[in-house]
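Take a look at the structure set out below.
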Amino acid sequence: MIRLAVFTLAFLGLAIIQNSFFASLPGVLPLWPLILAVGVYLLQHQSLTAGAWLIAANGLFLDLFHLQMVPAETISYLLTALAAAYSAKHVFSNRSLYGVLACGSATFGVLKLSQMAILGLVWLREAEQVDWTVFSRETFWSGILLMIGLLLLFPFAVRIKKLLHKSFFVSQRDTF
Amino acid sequence: MKKYLRIILLAAALLLAVLFFQPYIGRVLGYAQSPFVQAGTWIKTHTDFIFERGEYTPAKFAALEQQRLSLAFEAAELIALRQENSLLRQQLAFVERRYLTVKTAEITSRSVSKHATHFTINQGRADGLAVGNPVVVGDGNLVGKISLVNQYSAVVTGITDLNLATPVSLLNTNRTIGIAQGTIGDLLNLNFIPHDENIAINDLVVTSGLEEFVPSGLLVGIITAVASDPNQPFQTAIIEPLISISDYSLVSVIINQPDL
């Protein structure tokens, strides 16, 4: 129960930073997918469950507060969480930075593909509602910022692991 | 199997709890979110020159100065007209004079995609807000309208959102009226203008007052381009808003229609 409360508070803290602070910054910085980066980090280094829940919860949060990039973000983020958990468990290693970056790329790819599928449906109904150039530009910058986020998190992996372990937040995953 | 069932039940219970308590969660989150929005907005307004460096040339500055002067004249004319209008209404006693009621709200979060321009504010139904209320900043610059209202928070759709249309009029000689429709981006399209209407670049665009809740005279933007094709039934124009909501963390919601 304590873990659930800590997890919820941590998620809300990250959601506030992403949707209130980052969203108010200039340039392309509002597109920084902070929760996705932390989710991938958790999946790879801490706990598959916590990482997947964090990513899935973000979709629900965006839909509840009407901050979506595309409609029905819950579906996109749920699919992304499942794909990320699967790839972190069976495909990518967490020993190297490359493994973490590859897992991040795969996760981001699934998110964008599912968003594209939803936008495609919108486009089939009302073509003027979708601008693929804007979507591509936002995807490009969001992807770059995700990689930067993962690069920033990776060097502190050991320290964060110890901190989270001490705070009973999540159990550690073994290196594999 | 038992473990998965437990996870699914827990998720369903959490979802129900979140949906039930969403208005209250929004209220509590609002207290934490506002300072973050203010911090981010402060950083944006103080670092814009980095991101917009190179976009301003001396020629563009001169054009902007000229535009400001032109707008000042237009504004002066508008004020004079408003005063005249007010006097006429008083003399004719057409309607009882009503006063503008405004509720100040803090922005608590923002959408980040150009596909949708939404932001949430920390005032809701309990504060007298209703769907359709106009949201303004500064001295009556329209930035959006309430599209969803909860008990203690509300979602505002920006005027540049593709799904928002606003009846507007131009402060030109004909007082042309039309519908300003948002786009995927930071501009608006002005549609359904008959060919015999004479519209020009730099014409000011204000709300026409033909929409419930939205009073006339709220500043929407300025005409930056006009497209007139004789083969089309109407002219179209591009409106550029004079302010960007990303530069503000405080807004005002007009909760009853004034008599301007």
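Chain identifiers are assigned alphabetically (A, B, ...) following the order of the sequence lines, protein sequences preceding nucleic acid strands; residue numbering begins at 1 within each chain.
Considering only heavy atoms from C-beta on, B:Val112 stays 4.5 Å or farther from A:Trp32 through its side chain. At least one side-chain heavy atom of B:Ile43 sits under 4.5 Å from a side-chain heavy atom of A:Phe21. Two residues are said to be in side-chain contact when any heavy atoms from C-beta on lie closer than 4.5 Å; B:Ser113 and A:Glu138 meet this criterion.
Looking at B:Thr41, the atoms closer than 4.5 Å to chain A (heavy atoms on both sides) sit in the backbone and in the side chain alike. For a residue to count as touching a neighbouring chain, one of its non-hydrogen atoms must lie under 4.5 Å from one of that chain's; by this rule B:Ala116 touches chain A with the side chain only. Looking at B:Ile107, there are no atoms closer than 4.5 Å to chain A (heavy atoms on both sides), in backbone or side chain. Residue contact with chain A, scored on non-hydrogen atoms closer than 4.5 Å, involves the side chain of B:Asn163 exclusively.
Interface remark: of the candidates A:Leu12, A:Ile16, A:Ile17, A:Ile16 forms the most heavy-atom pairs closer than 4.5 Å to chain B. Contact count against chain A (heavy-atom pairs under 4.5 Å) is highest for B:Val155 among B:Asp247, B:Val155, B:Thr157, B:Thr183.
When only modelled atom types and interatomic distance are considered, A:Ser20 and B:Arg110 share no side-chain donor-acceptor pair under 3.5 Å.
In B:Ile177, the CD1 atom is not crowded: 12 or fewer heavy atoms of neighbouring residues, nucleotides or ligands sit closer than 6.0 Å. In B:Phe234, the CZ atom is crowded: over 12 heavy atoms of neighbouring residues, nucleotides or ligands sit closer than 6.0 Å.
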Applying side chain to side chain contact (heavy atoms under 4.5 Å, CB included), run through B:Phe36 and A:Asn19 and close with a yes or a no.
CA-CA 9 Å; B:Phe36 282 93; A:Asn19 298 299; over 6 Å; no
Assess the residue pair B:Leu148 and A:His66 against the criterion (side chain to side chain contact (heavy atoms under 4.5 Å, CB included)); give the C-alpha distance rounded to whole Å, side-chain angles, the decisive distance to 0.1 Å, and a yes or no.
CA-CA 9 Å; B:Leu148 185 93; A:His66 299 266; 3.1 Å; yes
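Residues of residues 55-64 of chain A lying within less than 4.5 angstrom of chain B, judged on heavy atoms, are A:Leu60, A:Phe61, A:Leu64 in numerical order. Contact annotation for residues 121-135 of chain A against chain B (heavy-atom separation below 4.5 Å, listed by residue number): A:Glu128, A:Gln129, A:Val130, A:Asp131, A:Val134, A:Phe135.
To the nearest 0.5 Å, atoms OG (B:Ser111) and CG (A:Leu67) are separated by 6.5 Å. Remark: A:Leu119 CG to B:His115 NE2 distance equals 5.5 Å, nearest 0.5 Å.
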